[in-house]
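To start, the structure under review is shown below, and the notes come after it.
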Amino acid sequence: MRYLVTGGAGYVGSHLVAEIRDRGGEVVVVDNFVTGHRDAVLPGVRLVEGDVGDAATLQAALAFGPFEAVFHFAARSLVGESMRDPMLYFRENVGKGAILIDSCVRGGVRKFVFSSTAALFGVPGEGPIGETAPIAPVSVYGESKAMIERMLAWAGRVHGLRVACLRYFNAAGADAAGRLGEDHRPETHLIPLAIDAALGRRPPLEVFGTDFPTPDGTCIRDYIHVADLADAHLRVLTRLDAGSVAYNLGTGRGHSVLEVLRAVEAVGGRAVPHCLAGRRAGDPANLVASSARIAAETGWAPRRAALEAIVASAWAWRVAHPDGFAA
Ligand code: UFG
């Protein structure tokens, strides 16, 4: 089986590529390395360096087909940046997404799996968030992903493209074999920041908000291992034979910021220096997925759902790569 992966040098994309390779599949990666890392492209993977907004790049990549499916990860993904420069996100994510979808449809691609986000749901109500929750993003980043989901729905209706929109909650952890890990620049995510603080490689972590309506006052998130996300991407392919789908992907279990810090301390055997700070703009109190639908329809279940296991894999990679991937 051969697959095309856009953004295959990025965090979640590279872990999917590793999963495909481990299962004996072939991969062509398209990446422009604006946020991806060259060292995250594993040996044996064919690389087409370029932009998903560039038709010639896409033509070159699609020429290595036919592909069983296209997995689309390439995107800007910083909520804060999207609120400072909205048009960057509409240009990069939506505009280039349209060019990619168009090229795929013209190139005969039948199945398309899209890297979507819990940010679609804005500030949802109480309880686990299922697929019927209203789509009401409160960031331009979330809006840009919602718009791509809509474009894909139309590509399905008009061209028969089979689409899976996978809304990740908080992707975390690292490759069990130690080949890959999380390395965003700048890093804004809780687990890698807490690990670096524990290792003394950053100033104390700021806990953003202690007055949320949660048991300990800090935000609750649903952390899901990247390898479990990768597994979900491959499982949905068979399900697409019956039609397009959208799935929320999490473990169904939430952890507060303070619980995450305690998990990092337990795994690393050292304190996470931190201070209590005010809220970060736009953080909802509680985001936990209901993944009942993908479980029922594909048999998927997170296999590395325990927070300490997730943190342990992230810790192992960071200790082995204190500066992340090579610059
Ligand atoms: N947090 C801190 N201090 C930090 C960093 C984060 O307290 O230095 C807190 C945040 O306030 C939040 C939690 O840790 O409560 C998790 O924050 P992350 O930045 O790791 O993740 P988010 O939940 O903000 O964002 C994730 C994805 C986004 C996606 C969003 C959907 O990274 O891409 O979920 O809501 F849009």
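First listed ligand is number 1; within each ligand, the first listed atom is number 1. All residue numbers refer to positions in the sequence shown, counting from 1.
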Within the protein, flag every N or O under 3.5 Å from an N or O of ligand 1, and note the pair and distance.
{"unit_1": "ligand 1", "atom_1": "3 (N)", "unit_2": "E206", "atom_2": "O", "d": "2.7"}
{"unit_1": "ligand 1", "atom_1": "7 (O)", "unit_2": "E206", "atom_2": "O", "d": "3.4"}
{"unit_1": "ligand 1", "atom_1": "7 (O)", "unit_2": "F208", "atom_2": "N", "d": "2.9"}
{"unit_1": "ligand 1", "atom_1": "11 (O)", "unit_2": "D283", "atom_2": "OD2", "d": "2.5"}
{"unit_1": "ligand 1", "atom_1": "19 (O)", "unit_2": "T188", "atom_2": "O", "d": "3.3"}
{"unit_1": "ligand 1", "atom_1": "19 (O)", "unit_2": "R280", "atom_2": "NH1", "d": "3.3"}
{"unit_1": "ligand 1", "atom_1": "19 (O)", "unit_2": "R280", "atom_2": "NH2", "d": "3.1"}
{"unit_1": "ligand 1", "atom_1": "20 (O)", "unit_2": "L190", "atom_2": "N", "d": "2.9"}
{"unit_1": "ligand 1", "atom_1": "21 (O)", "unit_2": "N170", "atom_2": "ND2", "d": "3.1"}
{"unit_1": "ligand 1", "atom_1": "23 (O)", "unit_2": "N170", "atom_2": "ND2", "d": "2.9"}
{"unit_1": "ligand 1", "atom_1": "23 (O)", "unit_2": "R221", "atom_2": "NE", "d": "2.8"}
{"unit_1": "ligand 1", "atom_1": "24 (O)", "unit_2": "R280", "atom_2": "NH2", "d": "2.7"}
{"unit_1": "ligand 1", "atom_1": "32 (O)", "unit_2": "H189", "atom_2": "NE2", "d": "2.8"}

Side chains of E81 and Y141, heavy atoms from C-beta outward: is any pair under 4.5 Å?
no

With sequence neighbours excluded, residues passing ring pair (Phe, Tyr, Trp, His ring centres under 6.0 Å) with F114
H72

Test of understanding: with salt bridge (Lys or Arg N to Asp or Glu O under 4.0 Å), list the residues that count as partners of D39, not counting sequence neighbours.
none

What class does the angle between the rings of H321 and W317 fall in, given that below 30° is parallel, 30 to 60° is tilted and above 60° is perpendicular?
parallel

Under the ring pair (Phe, Tyr, Trp, His ring centres under 6.0 Å) test, which residues partner F73, sequence neighbours left out?
H233

Please tell me whether F71 and Y3 form a close aromatic pair, meaning their ring centres lie under 6.0 Å apart.
yes

